[in-house]
Structures are given as structure tokens and as C-alpha cells.
Amino acid sequence: MADETEKGLARGLTNYGDKDFSLYLRRSFAKAMGFTSESLEKPIVGIADTASSYNNCHRNVPEQIEAVKRGVLAAGGLPMVFPTVSLAETFLHPTSMLYRNLMSMDTEEMISAQPMDAAVVVGGCDKTVPAQLMGAISANRPAVQLITGPMMTARHEGERLGACTDCRRFWAMYRAGELNDQQIVAVESRLATTAGTCPVMGTASTMACIAETLGMALPGTAAIPAVHADRLRAAEESGKRAVEIARSGLTPDKVVTEKSVENALRVLLAIGGSTNGIIHLTAIAGRAGVNVSLDRLNEISDETPVLVNLKPSGDHYMEDFFAGGGLGAVLREIKHLLHLDTLSITGETLGDRLNEDPGFIDPDIVRPFAEPHYPLGGLVSLFGTLAPNGAILKRAAADDALFESEGRAVVFSSPADMAERIDDPDLDVEPNDFIVLQNAGPKSGYGMPECGYLPIPGKLARAGVKDIVRISDARMSGTAYGTIILHVSPEAADGGPLGLVRNGDRIRLSVKERRFDLLVSEEEMAKRRAEWTPVEAEPRGYAKLYQDHVLQAEDGCDFDFLRAV
Ligand code: FES
């Protein structure tokens, strides 16, 4: 454990049995990089660099880091850039979620083990911001979260496109035979055309808003587009602020509290945020010793309407959100529901921030509280015999015609089974059936991938079916749309009832009652439980650590040895 009374280069000395020798040696090796004695006396700001050729969403990280350095130097600090793991959604097998905790551990350990008085962590793609916040909170050294920002939209044949709600829409059209091979290749080249994160209210944008609401990112910075000059100004300000909190000692434990977490939960609902947001917020809060309850989510969800009219549940994109008032406009509309005495890394309270002039707000993009985009919170948790510890439905992105329904189960035993059979013309499936995917949860070996947006079976898609109840212990992309029940807990691979569902069972869904039940007798379930066999154990390495220690969705899928609750 480093001695927190030590500062600058003298922090956490390498142990050679002689402290003075250790500092002399460290200074000598630092001088090998050209630093002067004067520079080495300054407060040190570590900057976590997540640029990678495997991460398109972080394409602008190098120029952001240059701007952070400018801010650090201007404020009298010494910037020191260090690499960490970088996670991009589409480049990781089997899923980036498997590596979020690894990145959080890397971030925590490198902040703790290296001499720095504060850190600026630069991230944007879905798992990077939660991983960095989890790591920074556990390290509990003054830290600023800098977001890479959303990408800009592009055009295809006169139509505006943005990843990845439109990725899915066009893919569904291609599957239904409405686009040919040439057309889908043209779309593929136009979905993601600039640096930055997906430009809808997907997981990356949701986490950016959560980071700002928690107080860990500078006010007004969540929605700035990746390529906008304001993004560089935000980076410079973040560097400057990092030096100030290095001096004042404003640590994350003073910022991320029960109240700021509840504010973030409200914002998650008011922005129509991603279902992944609840898992990540739970994990972030858990590092600060704060519990997020799914029952409390339901209470808050009924009081907090969706105000942001952004895809996938609305019409606009993140660049419109930025121009239309951004997160500040949302916070003002729900001010009466927020804890205003929470502190941000600026040292200001949320109340102080919201007393300032709001500037221009576009009411079509950030709706007034009295005229919301959707009258209730975007997410709701469900409980029942099929999910004793809970499940999540994004009601704002679903067809409410299916909210009170009962159907016959059509079961897939794993993502591989689903990929093999979902388009089989002989699949026994009807439009009113419930599609069930098993063994896609945290311990399944698949790492809880974003495959909960189960495709409409090919034969139903071709017949024009647009939505069907889909149930799994997987997650789904924040950019997806449909009546999709996710994060079922306990998961099938952990012996949960989801793994005992069989073809032809009846399942009843009642969103009104927050229930979700498998209509099979207890006697029959006991028989199936006795016949159940666990998934194969991972033999070695990180996959084994993950399977042995990952917690279920209601605990944020963090490792049991990392949570502080
Ligand atoms: Fe990085 Fe969507 S792929 S945010």
C-alpha cells in the first residue's frame, strides 16, 4: 500500500530497502527521459492513454492527450502519460464485457503503483468509461474522467445514419430481403465515419452522462462530439483541473456517494439510457461501497420520465443532443428530483451548477418535464419465478403491445445453438411465442455478450414480424430496440431457472405487475433441477479467474474481491 502522505515522484517508492536510494534512483531514471529537476518537483498528473489501432472510438485520444498535457503544464503540473488496456466493442472475442474488470484492475493498479498525485483517464467506448471509473474509485486518488465523445452522423442516399441503431435497422432489412449485397456494403461504409463513440443514446453515451452526473467528468462535457474543438478545450480544462485536485486532495470517495449514485440512476432513466448502464452503474457504485437496488430502480423509474428524444428510443443523435442543451438541460428539468448537495471534481455542488444560466435548450431534443418523450423511466426491472433475483426490460425501446402477454417457449441452449438454428425454415416458431436463450450470462463462458437482441427468426422476419418477446441472461447493445428481457438472474450457467426452461413451456409477462413467470409446477422444476448439468469449467488464465469470481448482473458483474459492499 502506497503512503498517501508522500507526493509527486516520492509516492510509492520501489522497495530497495533504502528510501533515499529509491528516490535517487527514480529521479535518475526519470532524468533519462529528459526531465529537469524543476519539472520533477511539480505535482504529477498521470494520463491513462487508451489509444489503440483496435479502437476506432478512441481515434482522437492522441490529440486529446496533447490538450490534457497543455492544461497540466499551464496549471503548473507535470503530465506523465501511461498506457492501459483499451477495449473496443467490435474487436474483442467473445465480448468486451469479459475484459471490463481486467481494464478496471489495470487502471486501479497503474494509478496506485505509479507516482502520480492525480489522474486523467481518457476513454469513451462502452466498457472503457465504467472500467476507468471503477479503477479510479478503487485507487481513490484524485481523478478526472475525460470522455472521447460521440462520432458525427453520415449520409446514405439522403438519409442520416449513425451507428449502431441504424446498423441494426439496415441489417434487419437485409435479412428480410429488402436490401441486396451491394446496398448493404454501401451502408457498411457509411455507418461510422469519424472518430468517436456511437452517436446514439447507446452505452457509451449513457456512461458519459453517468460519469458527468456522478461528478467525475467536468460539467457540460458528456455530449461534446469527438471531433469538435470544444472537446479539446474540455481536455485542456480536465488537465488543469487535475492539477488543482492533486493539490486540494479531492478524492473520488468525496464525489461518488449514495446521493450522486442515485442522481446517476435518475439520469440513466431520464435520458432513456442503455440497459448496460444499470450493470455498469451498479459496478461503479459497488467500488464506492454503495448498493444499487433493482426495487429502487422501479420506484425511481415510475417517477422519472424519459426526456431525451434520441435514438434508439427517439429521433435524434448525440450531436443534436449537444447542440440542444446536453446533459445540463436534462439535469435542470429533473432538478426537483435530484440531490443538489453532491460534489463534483470542480469542487462545486450540483445545486451551484444548476443555478447558472442554462443557455439554449431545444425542447424537441430535451423535452420539458411536463411534456416528456416517454411518460415513465426507460428501464424497469422484473422479478418472478423465471428471474428470482431480477431481470431488465428497456420499456422505452419496446412495443408495449407485448407487455401483458403469455407465450410458448422456443428455447436455444446457447448463443452457438441460436446462431445455428434461428433461421432454420423448419424451426417450430409462431409470432406469439417467446424466444428463450440460455447460457449467455456472466459465468457461461461467453462472458455475457450483447446477443440479447435475439434476431427475429428468419421465417417470421420474412413474414413481416417486427417484434417478439425475447428472453435471455445476456446483455444487449444500448442501440437495440424491441421487447427484450435481459440480465435474467441467476443465470442459466449458475443453476438459475432460465436454464430449466424447455420448448413448449408457457411463460407469462406482466410489465404492469413487474412479473415474469415460468408456468411450470414446482415438482417438475425439481425434477429438471436434478437432471441439470453445469457448463464446462474454464481451465486456466483470465477466463478462469472471471468464471470463478464474476458476480451476477444485480451486483454489476464485478469480481467478488473488488466490490466494497
Ligand atoms: Fe465504441 Fe459503439 S463501438 S461506442
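Excluded from the calculations below are hydrogen atoms, water molecules and symmetry mates; all remaining heavy atoms, backbone and side chain alike, are included. Each ligand, and each atom within it, is numbered from 1 in the order the structure gives.
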Original post:
Counting distance only, does the side-chain N/O of Glu319 pair as donor-acceptor with the main-chain N or O of Thr153 below 3.5 Å?
Top reply: yes

Original post:
Any salt bridge between Lys69 and Glu66, counting N to O under 4.0 Å?
Top reply: yes

Original post:
Between Leu486, Leu269, Val292, which is the residue that forms a side chain to side chain contact (heavy atoms under 4.5 Å, CB included) with Ile278?
Top reply: Val292

**OP:** To the nearest 0.5 Å, tell me how far Leu551 CG sits from Ser489 OG.
**Re:** 10.0 Å

Subject >> Full working for salt bridge (Lys or Arg N to Asp or Glu O under 4.0 Å) between Arg475 and Asp126 >> reply: CA-CA 13 Å; Arg475 297 173 302 114; Asp126 294 11; over 6 Å; no

**OP:** May I ask you to list the protein N, O or S atoms found at less than 2.8 Å from atom 2 (Fe) of ligand 1?
**Re:** Cys198 SG

Original post:
Out of Thr304, Thr213, Leu331, which residue meets the side chain to side chain contact (heavy atoms under 4.5 Å, CB included) rule with Arg266?
Top reply: Thr304

